[in-house]
Enquirer: 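Sending over a structure as structure tokens; questions will come in a sec.
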Amino acid sequence: MKNTYSEVKTVAGVQELVLRFNLPFQWQKVKSSVDNIKRKPLENEWTSVEYEQIDSYTTRFLYTITIPPIARVVLPETVTLVDVQVIEEGNERLTQKGENLTFSSFCKVQEEAVWAGKPNGETEFTKRVFCNKGCKIPSFIQRQLLRMYLKECEKLRMDVLSLLAQEESKRVIL
């Protein structure tokens, strides 16, 4: 897709993933699609999600992930992540901030994603994921972990585009 940038890099001793892309759809449509995808039941047998509506703009998602046996050499049997989503209608901005709760003293993985409306009618997505300085997981495993996040971001982008295309086709048919 045009206007896509992604990189896994080390900044001041911290492993970091940065991803950016634009979607050729208005923010309101993208926001609805992202929110719908976030709330739908997961198709992954390894992961469960619960969510709590804190107020009309803020939702807290709690993910519990069962780690495959081969990865349990360095990770616990389950990992819990929290993700807080804030929708700012007036600023045309949807922000998602998350981190792992399970072994944060050992290695905290934090992420921030922003879906922002642009004056040209497009929506820009920016995501930054990083492991805290002093993370006790070897750097090559940290890079693999960040690449897994990148794959999930690519899947999310395709899911959002697919949902937007379905909505557009329904609108055209009607």
Enquirer: Linking I/L/V/M/F/W/Y whenever any side-chain heavy atoms sit under 4.5 Å apart, do L101 and Y63 land together?
Expert: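 Different clusters: L101 never reaches Y63 through Ile, Leu, Val, Met, Phe, Trp or Tyr contacts under 4.5 Å.
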Enquirer: Name all residues meeting the side-chain hydrogen bond (donor to acceptor under 3.5 Å, both in side chains) criterion together with Q96; count only those two or more places apart in sequence or in a different chain, and write none if there are none.
Expert: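 If we apply the side-chain hydrogen bond (donor to acceptor under 3.5 Å, both in side chains) test to Q96, skipping adjacent residues, the hits are Q85.
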Enquirer: How would you list, by chain and number, every residue that makes a salt bridge (charged side-chain N to carboxylate O under 4.0 Å, His left out) with E16, sequence neighbours excluded?
Expert: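 Once residues adjacent in sequence are excluded, the partners of E16 under the salt bridge (charged side-chain N to carboxylate O under 4.0 Å, His left out) criterion are K9, R128.
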Enquirer: Test question: given the 4.5 Å side-chain rule for I, L, V, M, F, W and Y, name all other residues clustered with V86, or answer none.
Expert: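 Listed partners: V84.
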Enquirer: Can you sort out the partners of E124 under side chain to side chain contact (heavy atoms under 4.5 Å, CB included), two or more places apart, ordered by chain and number?
Expert: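 Residues passing side chain to side chain contact (heavy atoms under 4.5 Å, CB included) with E124: R20, N22, K118, T126.
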Enquirer: Sequence neighbours left out, what passes side-chain hydrogen bond (donor to acceptor under 3.5 Å, both in side chains) with D83? Give chain and number order.
Expert: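 So D83 forms a side-chain hydrogen bond (donor to acceptor under 3.5 Å, both in side chains) with K38.
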Enquirer: Could you list the residues that satisfy side chain to side chain contact (heavy atoms under 4.5 Å, CB included) with N91, not counting sequence neighbours?
Expert: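 Counting only residues at least two positions away or on another chain, N91 forms a side chain to side chain contact (heavy atoms under 4.5 Å, CB included) with E88, R93.
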Enquirer: Is there a path from W46 to V73 through hydrophobic residues (I, L, V, M, F, W, Y) whose side chains come within less than 4.5 Å of each other?
Expert: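 As far as the 4.5 Å side-chain criterion goes, V73 and W46 are not connected within one cluster.
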Enquirer: Could you tell me which non-hydrogen atom of T78 sits nearest to which non-hydrogen atom of T102, and how far apart they are?
Expert: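 The pair with the smallest heavy-atom distance is O-CG2, 3.5 Å.
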Enquirer: So, using ring pair (Phe, Tyr, Trp, His ring centres under 6.0 Å) as the criterion, who are the partners of F125 when residues are at least two apart?
Expert: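 Ring pair (Phe, Tyr, Trp, His ring centres under 6.0 Å) list for F125, sorted by chain: F21, W115.
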Enquirer: Could you walk me through whether V49 and L62 pass side-chain contact (heavy atoms from CB on, under 4.5 Å), step by step?
Expert: CA-CA 6 Å; V49 64; L62 190 65; over 6 Å; no
Enquirer: Under a 4.5 Å side-chain heavy-atom rule over Ile, Leu, Val, Met, Phe, Trp and Tyr, are V114 and L19 clustered together?
Expert: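 V114 does not cluster with L19.
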Enquirer: Checking S33 now: which residues fulfil side chain to side chain contact (heavy atoms under 4.5 Å, CB included) with it, not counting sequence neighbours?
Expert: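 S33 satisfies side chain to side chain contact (heavy atoms under 4.5 Å, CB included) with V160, L163, L164, E167 only.
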Enquirer: Taking Y51 as the starting point, is it possible to reach L81 by hopping between hydrophobic residues whose side chains are less than 4.5 Å apart?
Expert: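 Per the 4.5 Å side-chain linkage, L81 and Y51 are co-clustered.
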Enquirer: Please name all residues satisfying side chain to side chain contact (heavy atoms under 4.5 Å, CB included) with S48, sequence neighbours left out, ordered by chain then number.
Expert: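 For S48 the side chain to side chain contact (heavy atoms under 4.5 Å, CB included) partners, ignoring immediate neighbours, are T64.
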Enquirer: Holding to side-chain hydrogen bond (donor to acceptor under 3.5 Å, both in side chains), I want the full list of residues that pass it with Q110, two or more places apart in sequence or in another chain.
Expert: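 Applying side-chain hydrogen bond (donor to acceptor under 3.5 Å, both in side chains) to Q110 gives E99.
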Enquirer: Name every donor-acceptor pair, under 3.5 Å, that has one atom in a side chain of residues 54-61 and the other anywhere in the protein, sequence neighbours excluded.
Expert:
{"residue": "D55", "atom": "OD1", "partner": "Y57", "partner atom": "N", "Å": "2.8"}
{"residue": "D55", "atom": "OD1", "partner": "T58", "partner atom": "N", "Å": "2.7"}
{"residue": "D55", "atom": "OD1", "partner": "T58", "partner atom": "OG1", "Å": "3.1"}
{"residue": "T59", "atom": "OG1", "partner": "R39", "partner atom": "NH2", "Å": "2.8"}
{"residue": "T59", "atom": "OG1", "partner": "Q53", "partner atom": "OE1", "Å": "3.1"}
{"residue": "T59", "atom": "OG1", "partner": "Q53", "partner atom": "NE2", "Å": "3.1"}

Enquirer: Indicate, with yes or no, if I87 and V82 share a hydrophobic cluster defined by side-chain heavy-atom contacts under 4.5 Å among Ile, Leu, Val, Met, Phe, Trp and Tyr.
Expert: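 No, V82 does not connect to I87 through the hydrophobic network.
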Enquirer: Can you see which heavy atom on L161 is nearest to which on F25, and at what distance?
Expert: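 Reported closest heavy-atom pair: CD2-CE1, 3.8 Å.
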Enquirer: Residues in salt bridge (charged side-chain N to carboxylate O under 4.0 Å, His left out) with E111, at least two apart?
Expert: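 For E111 the salt bridge (charged side-chain N to carboxylate O under 4.0 Å, His left out) partners, ignoring immediate neighbours, are K127.
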